[in-house]
Amino acid sequence: MPDTRSFLTALRRAIRSIAGPARVRPANGMPDAAPDRRPDDDDWPGRSGPHATVEVDPARVRRVRFAYTPDRDGAPDPGEVVWTWVPYEEDDGRGKDRPVVIVAASGPGEFLAVQLTSKGRDGDRDLVPLGSGAWDGEGRASWARVDRLFRVHAVGMRREAASLDAARYARVTEALRARYGWD
């Protein structure tokens, strides 16, 4: 007998095949979640497949070219905050839909990003304080985690949320340069 989670996943897929996609794709082509979507659905953008968000080892990243280029054209750019699936540190298949700041382009449709958190504290060397911004609907202060680096695909991003200003972007990139020795 199948377990409950497998049954519910199969049921969701069957309902979606009858009712159509649960996601709305805005004009910019980036998927945006409908209110009834849950981040544990198997096809959540960035969660799995060839466009999955993956953690990368910063020591294996050779050259990073930082350039602050946000453009509200719907395509992701360095300096912008987008949402994607971010795997938990345990790397056990679990994760959460989170805001990340794009720090650099790394290839066609691929970007390097660091996650944002509202559960930070000033003085932690792994966190760069950013203050509040439009990426957090509740107006909470945010920190950029520079201890984890992710490769994010344009197709694996849920939506464009906001942009950092140039000064905050510079704080994040300077912390990354200092930590990993990137030029």
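Side-chain atoms are counted along with the backbone in the values below, which use heavy atoms only and exclude waters and symmetry mates.
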K.L.:
Quick one: do Y88 and K96 satisfy side-chain contact (heavy atoms from CB on, under 4.5 Å)? Show the steps, please.
P.N.:
CA-CA 7 Å; Y88 289 150; K96 185 176 179 181; 3.9 Å; yes
K.L.:
For a 4.5 angstrom cut-off between non-hydrogen side-chain atoms, does M157 reach H51?
P.N.:
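The answer is no, as the side chains (C-beta and beyond) never meet within the 4.5 Å cut-off.
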K.L.:
W135 versus S163: any side-chain heavy-atom pair under 4.5 Å?
P.N.:
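No, too far: nothing below the 4.5 Å cut-off.
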K.L.:
Just by distance, do the side chain of Y68 and the backbone of L164 share a donor-acceptor pair under 3.5 Å?
P.N.:
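Flag set: sc Y68 to bb L164 pair under 3.5 Å.
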K.L.:
Is it possible for you to say whether V101 and F150 belong to one hydrophobic cluster, with membership spreading through side-chain heavy-atom contacts below 4.5 Å?
P.N.:
no
K.L.:
According to a hydrophobic-cluster definition based on side-chain heavy atoms being under 4.5 Å apart (Ile, Leu, Val, Met, Phe, Trp, Tyr only), do L130 and V81 belong together?
P.N.:
yes
K.L.:
Can a salt bridge be assigned to the pair E174 and R177 using a cut-off of 4.0 Å between side-chain N and carboxylate O?
P.N.:
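A salt bridge is present here (some side-chain N lies under 4.0 Å from a carboxylate O).
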K.L.:
Assign the ring pair W182 / F66 to parallel, tilted or perpendicular, where the plane angle (0 to 90°) is split at 30° and 60°.
P.N.:
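Geometry flag for F66 against W182: tilted rings.
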K.L.:
Would you call R148 and D126 a salt bridge, using N to O less than 4.0 angstrom?
P.N.:
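No.
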K.L.:
Any idea which heavy atoms bring W143 and P129 closest together, and the distance?
P.N.:
CD1-CA, 3.4 Å
K.L.:
Taking side chain as C-beta onward, heavy atoms only, is R151 less than 4.5 Å from T53?
P.N.:
no
K.L.:
Ignoring hydrogens, what is the shortest heavy-atom contact between S106 and L112? Give both atom names and the distance.
P.N.:
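Heavy-atom minimum between the residues: CB-CG, 4.0 Å.
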K.L.:
Would you mind reporting whether W83 and V100 have side-chain heavy atoms less than 4.5 Å apart?
P.N.:
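Side chain of V100 against side chain of W83, heavy atoms only: no contact under 4.5 Å found.
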K.L.:
Any sub-3.5 Å donor-acceptor pair from E80's side-chain atoms to D71's backbone N or O?
P.N.:
yes
K.L.:
Would you name the heavy atoms of V64 and A104 that are closest together and state the gap between them?
P.N.:
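In this case the closest contact between V64 and A104 is CG1-CB, 3.7 Å.
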K.L.:
For a 4.5 angstrom cut-off between non-hydrogen side-chain atoms, does R145 reach T117?
P.N.:
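Yes, their side chains come closer than 4.5 Å.
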K.L.:
Taking all heavy atoms of P78 and all of A105, pick out the closest pair and write down the distance.
P.N.:
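So the minimum-distance heavy-atom pair works out to CG-N, 4.0 Å.
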K.L.:
Counting C-beta onward and ignoring hydrogens, is there a side-chain heavy-atom pair between L176 and V172 closer than 4.5 Å?
P.N.:
yes
K.L.:
Just checking, is any N or O donor in the side chain of S142 or S118 under 3.5 Å from an acceptor N or O on the other one?
P.N.:
no
K.L.:
Side-chain heavy atoms nearer than 4.5 Å, only ILVMFWY residues, links allowed to pass through others: does that put V54 and W85 together?
P.N.:
no
K.L.:
Please examine the side chains of R168 and V128, heavy atoms only from C-beta on, and report whether any two atoms are closer than 4.5 Å.
P.N.:
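Heavy-atom side-chain distance check fails, nothing below 4.5 Å.
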K.L.:
If every non-hydrogen atom of D77 is compared with every non-hydrogen atom of I102, which pair is closest and at what distance?
P.N.:
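Shortest heavy-atom separation between D77 and I102 comes out as O-CB, 3.5 Å.
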K.L.:
Tell me the closest heavy-atom pair linking V56 and P58, and the distance in Å.
P.N.:
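Of all heavy-atom pairs spanning V56 and P58, the closest is O-CD, 3.2 Å.
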K.L.:
So if you build clusters from Ile, Leu, Val, Met, Phe, Trp, Tyr with side-chain heavy-atom gaps below 4.5 Å, do F111 and Y180 land together?
P.N.:
no
K.L.:
Between L127 and V146, is any pair of side-chain heavy atoms under 4.5 Å apart?
P.N.:
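A side-chain contact is absent here, since even the closest heavy-atom pair is not under 4.5 Å.
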